[in-house]
Visitor: 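Handing you a structure now.
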Amino acid sequence: MFESFVTRHWFNEAAKAVWSDAATLQAWLDVEATLAQAQAELGVIPTHAANVIRAQAQAGRFDLDALAAEIAFAQHPLVPVLHRFEALCGEPAAGYIHWGATTQNIFDTASALQMQQTHRLLLQHLGAAIEAIAALAVEHADTPMAGRTHGQHALPMTFGLKAAGWLDELDRHRVRLNSRIAASFPACMGGAIGSFAATGEVGRRVETLLAGKLGLQPAGLSMRSSYDRAADYVCGLGLLAGTAQKIAQDVVFLQRTEIGEAAESFHMGKVGSSTMAQKRNPSTALLLVSLARLLRARVPPAIEAMVRMDEGDSSSTNVTDTMLPEIAVIATSIAETLATLTRGLQVDAVAMRRNLRLTRGLISSEAAMMRLTSAMGRHEAHRILYNAAQQAVSQDVDFEDALRQDAALADLPASADLEGVLDPQAYVGQSATLARETAKRVGAQR
């Protein structure tokens with residue numbers, strides 16, 4: 001799907017490049033070369049051997065098609081690579097490649113490097129989305145609209161408050177993912193079962209030194225049977241996907257013909273239908289929903305992959321080695337698509353005000369109830385307003401007219417006068433303040 005002529009444009013190009021075959025091979029070679037360098041510095045292998053290994057660690061010197069055939073024949077993903085690497089290095093350096101390491105050490109540490117790269121890309125695009133939404137929150141802090149619950153008008157609010165809700169969630173995801181990335185993808189060099197049997201105590205120092213050179217944390221206890229760290233970050237990406245989908249579905253709803261309160265950007269040549277020429281579909285928002293579903297569908301297998309037999313289990317690592325690149329690319333694509341959607345979002349304040357009055361005053365029933373509590377209990381005020389509201393709906397009259405028919409409201413004290421209370425724009429609470437405060441707080445945390 002990443003390279004299909006139909007769907008390739010869905011996915012972030014830079015993230016795809018990080019996980020390309022050539023880049024993945026280069027990450028393996030970088031780990032092997034850095035391992036040799038760290039071992040040489042600690043006196044485990046000769047310095048001249050480490051220098052040769054470093055010089056030959058270039059993916060461009062490998063024939064990927066030939067490697068694919070050899071991997072299929074050997075039924076092992078790294079040994080054919082090592083054979084080619086050994087041939088490139090020659091003797092005696094070839095004898096010091098992969099010293100004391102096992103395949104999963106190389107793969108896990110290389111994928112940690114790649115996850116760090118895609119994390120930076122994701123943050124770039126997530127930051128752009130956050131910046132765009134913060135601008136919307138400030139610009140529309142005072143733009144009134146109908147707040148909705150269960151698909152129905154609830155209370156008046158402002159669009160700035162809605163945007164602030166998006167913003168606050170996305171900022172929590174940014175903080176959450178930033179706090180997890182380093183610990184979730186450490187450098188692992190414990191050897192065949194994580195016991196450092198081949199290298200002893202110095203092997204642990206090699207892992208720490210190698211980690212520092214690669215900009216990673218050392219695993220410390222690099223058990224091959226443990227995947228909870230990576231799964232933790234993947235779950236964080238699943239949470240991000242949930243918020244992204246919620247925002248996208250909000251836009252889809254707001255862009256409905258009958259609502260028309262907001263719409264994603266449009267350009268001439270953007271086509272909504274092969275038959276209905278009038279269609280301006282929310283295609284970017286719908287793509288975002290699709291990407292979020294694709295990502296979240298991969299979270300359960302990542303958690304399932306934590307369950308591993310004994311001290312090594314390729315039935316689980318096969319899943320994660322295949323799935324992690326997909327997760328990384330899709331997650332980055334979600335952030336990029338979210339940024340595209342929010343940067344181009346068009347808000348129709350006129351439509352928001354129009355829709356705010358659709359219920360002919362009913363949306364202000366709580367405002368009226370709170371005013372009436374000065375003259376009667378909340379429960380009695382709710383009873384009166386409930387009866388008037390149902391009458392307004394069944395008789396198709398304004399809410400205010402239905403209220404005037406209630407004898408209990410004939411002799412209200414001045415403190416309970418409903419004059420002006422049914423104006424929905426007067427009952428948005430702290431919407432504007434919350435919108436501005438959230439935008440300022442999130443901006444300060446960048």
Visitor: Got a sec: does the NE2 of His153 have more than 12 other heavy atoms crowding it under 6.0 Å?
Guide: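 Buried by this count: over 12 neighbours within 6.0 Å.
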
Visitor: Spell out, as yes or no, whether a donor-acceptor pair under 3.5 Å connects the side chain of Thr158 to the backbone of Ala141.
Guide: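 Yes, Thr158 side chain to Ala141 backbone: donor-acceptor pair under 3.5 Å.
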
Visitor: Within a strict 4.5 Å, meaning less than it, do heavy atoms of the Asp398 and Leu422 side chains meet?
Guide: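 Of all side-chain heavy-atom pairs linking Leu422 with Asp398, none is under 4.5 Å.
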
Visitor: Within the distance-only criterion (no hydrogens, no angle test), does the side chain of Gln255 pair as donor or acceptor with the backbone N or O of Glu264 below 3.5 angstrom?
Guide: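 It does hold such a pair.
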
Visitor: Any idea which heavy atoms bring Leu288 and Ala244 closest together, and the distance?
Guide: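 That would be CD2-O, 3.6 Å.
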
Visitor: From Asp168 CG over to His173 NE2, what is the distance, rounded to the nearest 0.5 angstrom?
Guide: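 Answer for the CG-NE2 pair, Asp168 versus His173, is 10.0 Å.
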
Visitor: Hey, does Leu216 have a side-chain heavy atom less than 4.5 Å from the side chain of Pro186?
Guide: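 Side chain of Pro186 against side chain of Leu216, heavy atoms only: no contact under 4.5 Å found.
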
Visitor: Please confirm whether the backbone N or O of Val350 pairs with a side-chain atom of Asp348, one donor and one acceptor, at under 3.5 Å?
Guide: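 Here the side-chain-to-backbone pair exists.
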
Visitor: Mind checking whether Tyr233 and His119 have ring centres under 6.0 Å apart?
Guide: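 Yes, they do, as the ring centres are separated by less than 6.0 Å.
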
Visitor: Just how far is it from atom OG1 of Thr342 to atom CG of Leu136, taken to the nearest 0.5 Å?
Guide: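 Thr342 atom OG1 to Leu136 atom CG measures 7.0 Å (nearest 0.5 Å).
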
Visitor: Kindly indicate whether the side chain of Arg357, heavy atoms from C-beta on, has any atom under 4.5 Å from the side chain of Pro424.
Guide: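 Touching, per the 4.5 Å side-chain cut-off.
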
Visitor: Looking only at heavy atoms, which two atoms of Met157 and Lys162 are closest? And how far apart?
Guide: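 Smallest heavy-atom distance, with atoms named: CE-N, 3.5 Å.
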
Visitor: With a 4.5 Å cut-off on side-chain heavy atoms, are Thr103 and His76 touching?
Guide: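 Result yes, sub-4.5 Å side-chain heavy-atom pair found.
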
Visitor: Can you tell whether the side chains of Asp232 and Arg229 come within less than 4.0 Å, N to carboxylate O?
Guide: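 No salt bridge links Asp232 with Arg229.
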
Visitor: Give, for atom NZ of Lys213 and atom CG of Leu35, the distance between the pair rounded to the nearest 0.5 Å.
Guide: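 Reported value, rounded in 0.5 Å steps: 11.5 Å.
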
Visitor: To the nearest 0.5 Å, what is the distance between CZ on Arg296 and CD1 on Ile330?
Guide: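 Separation between the atoms: 12.0 Å.
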
Visitor: Under 3.5 Å, is there a donor-acceptor pair between the side chain of Thr34 and the main chain of Val31?
Guide: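 No; zero donor-acceptor contacts below 3.5 Å.
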
Visitor: Apply side chain to side chain contact (heavy atoms under 4.5 Å, CB included) to residues Glu437 and Arg441 and explain how you reach the verdict.
Guide: CA-CA 6 Å; Glu437 286 180 355; Arg441 172 173 49 78; over 6 Å; no

Visitor: Measure the shortest side-chain to side-chain distance between Ile181 and Gln116 over non-hydrogen atoms and say whether it is less than 4.5 angstrom.
Guide: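 Yes, close enough: below the 4.5 Å cut-off.
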
Visitor: Without swapping roles, check the side chain of Thr7 against the backbone of Met1 for a donor-acceptor pair under 3.5 Å.
Guide: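 Indeed, once roles are kept as given, a pair shorter than 3.5 Å links the two residues.
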
Visitor: Quick check: are there more than 12 heavy atoms from other residues, nucleotides or ligands sitting under 6.0 Å from CD of Gln58?
Guide: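 More than 12 heavy atoms, drawn from other residues, nucleotides or ligands, come within 6.0 Å of this atom.
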
Visitor: Answer yes if the side chains of Ser226 and Asp228 hold a donor-acceptor pair under 3.5 Å, and no otherwise.
Guide: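 No donor-acceptor contact under 3.5 Å links the two side chains.
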
Visitor: Any donor and acceptor pair, going by atom type alone, linking the side chain of Asn105 with main-chain N or O of Thr102 inside 3.5 Å?
Guide: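 Present.
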
Visitor: Thr337 side chain to Ile334 main-chain N or O, any donor-acceptor pair under 3.5 Å?
Guide: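 No, because the side chain of Thr337 does not come within donor-acceptor range (under 3.5 Å) of the backbone of Ile334.
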
Visitor: Is there a side chain to side chain contact (heavy atoms under 4.5 Å, CB included) between Glu32 and Ile106 once you walk through the steps?
Guide: CA-CA 7 Å; Glu32 292 282 8; Ile106 305 303; 3.4 Å; yes

Visitor: Mind running salt bridge (Lys or Arg N to Asp or Glu O under 4.0 Å) on Glu13 and Lys16 for me, showing each step along the way?
Guide: CA-CA 5 Å; Glu13 291 296 332; Lys16 287 194 289 185; 3.1 Å; yes

Visitor: So which heavy atom on Glu207 is nearest to which on Ala219, and how close?
Guide: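 Smallest heavy-atom distance, with atoms named: OE1-N, 3.4 Å.
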
Visitor: Between Ser222 (side chain only) and Gly190 (backbone N and O only), is there a donor and an acceptor less than 3.5 Å apart?
Guide: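 Yes.
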
Visitor: Go through Val347 and Met352 one step at a time and tell me if the side chain to side chain contact (heavy atoms under 4.5 Å, CB included) criterion holds.
Guide: CA-CA 9 Å; Val347 176; Met352 288 180 174; 3.6 Å; yes

Visitor: By the definition side-chain hydrogen bond (donor to acceptor under 3.5 Å, both in side chains), identify the one residue from Asp250, Thr438, Thr243 that meets it with Trp166.
Guide: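 Per the side-chain hydrogen bond (donor to acceptor under 3.5 Å, both in side chains) rule, the option paired with Trp166 is Asp250, out of Asp250, Thr438, Thr243.
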
Visitor: Work out which heavy atom in Val397 is nearest to a heavy atom in Ala402; give both atom names and the distance.
Guide: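 Closest approach of Val397 to Ala402, heavy atoms only: CG2-CB, 4.2 Å.
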
Visitor: Compare every heavy atom of Ala211 with every heavy atom of Gln217, then report the nearest pair and how far apart it is.
Guide: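 Heavy-atom minimum between the residues: C-CB, 3.7 Å.
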
Visitor: Using the rule given for salt bridge (Lys or Arg N to Asp or Glu O under 4.0 Å), can you reason through Glu261 versus Arg148, listing the C-alpha separation, both sets of side-chain angles and the distance that settles it, and then say yes or no?
Guide: CA-CA 13 Å; Glu261 294 179 0; Arg148 299 171 172 94; 2.9 Å; yes

Visitor: Without hydrogens or angle criteria, can the side chains of Gln26 and Asp30 be said to hold a donor-acceptor pair below 3.5 Å?
Guide: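 Checked: Gln26/Asp30 side chains pair up, N/O donor to acceptor below 3.5 Å.
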
Visitor: Would you indicate whether Met370, at its atom CE, is surrounded by more than 12 heavy atoms from other residues, nucleotides or ligands within a distance under 6.0 Å?
Guide: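 No - once you tally the heavy atoms of other residues, nucleotides and ligands closer than 6.0 Å, there are 12 at most.
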
Visitor: Measuring only between side-chain heavy atoms, which start at C-beta, is Ile247 closer than 4.5 Å to Leu170?
Guide: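 Yes. Closest side-chain heavy atoms under 4.5 Å.
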
Visitor: Can you tell if the side chain of Leu167 reaches within under 4.5 Å of the side chain of Ile130, non-hydrogen atoms only?
Guide: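 Yes. Closest side-chain heavy atoms under 4.5 Å.
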
Visitor: To the nearest 0.5 angstrom, please state how far the CZ atom of Arg205 sits from the CZ atom of Phe196.
Guide: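 Reported value, rounded in 0.5 Å steps: 12.0 Å.
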
Visitor: Look at the side chain of Gln390 and the backbone N and O of Ala388, then say whether any donor-acceptor pair between them is shorter than 3.5 Å.
Guide: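 Flag not set: sc Gln390 to bb Ala388 has no pair under 3.5 Å.
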
Visitor: Would a 4.5 Å heavy-atom cut-off, applied to side chains only, mark Leu122 and Leu240 as touching?
Guide: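 Touching, per the 4.5 Å side-chain cut-off.
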
Visitor: In this structure, are over 12 heavy atoms from other groups packed under 6.0 Å from Trp10 atom CH2?
Guide: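 Incorrect, the count does not exceed 12.
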
Visitor: Show, in sequence, the C-alpha distance, side-chain angles and deciding distance for Asp401 and Arg360, and conclude whether the salt bridge (Lys or Arg N to Asp or Glu O under 4.0 Å) test is met.
Guide: CA-CA 10 Å; Asp401 292 340; Arg360 299 161 69 178; over 6 Å; no

Visitor: Can you list the steps and then say if Val393 with Phe399 is a side chain to side chain contact (heavy atoms under 4.5 Å, CB included)?
Guide: CA-CA 8 Å; Val393 173; Phe399 186 42; over 6 Å; no

Visitor: Strictly distance-based, threshold 3.5 Å: is any side-chain N or O of Ser316 a donor or acceptor partner for the main-chain N or O of Val307?
Guide: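 Yes, the answer is positive, given that a donor and an acceptor are paired below the 3.5 Å cut-off.
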
Visitor: Can you say whether the rings of Phe107 and Trp28 are parallel (under 30°), tilted (30 to 60°) or perpendicular (over 60°)?
Guide: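 Parallel: the ring planes of Phe107 and Trp28 meet at under 30°.
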
Visitor: How long is the gap from CG on Leu356 to OH on Tyr427, to the nearest 0.5 Å?
Guide: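 Between Leu356 CG and Tyr427 OH, I get 13.5 Å after rounding to 0.5 Å.
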
Visitor: Give me the atom names and distance for the closest heavy-atom approach of Thr332 to Leu121.
Guide: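 That would be CG2-CB, 3.9 Å.
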
Visitor: Are the charged groups of Arg224 and Asp108 less than 4.0 angstrom apart, N to O?
Guide: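 Salt bridge between Arg224 and Asp108, a charged N being under 4.0 Å from a carboxylate O: no.
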
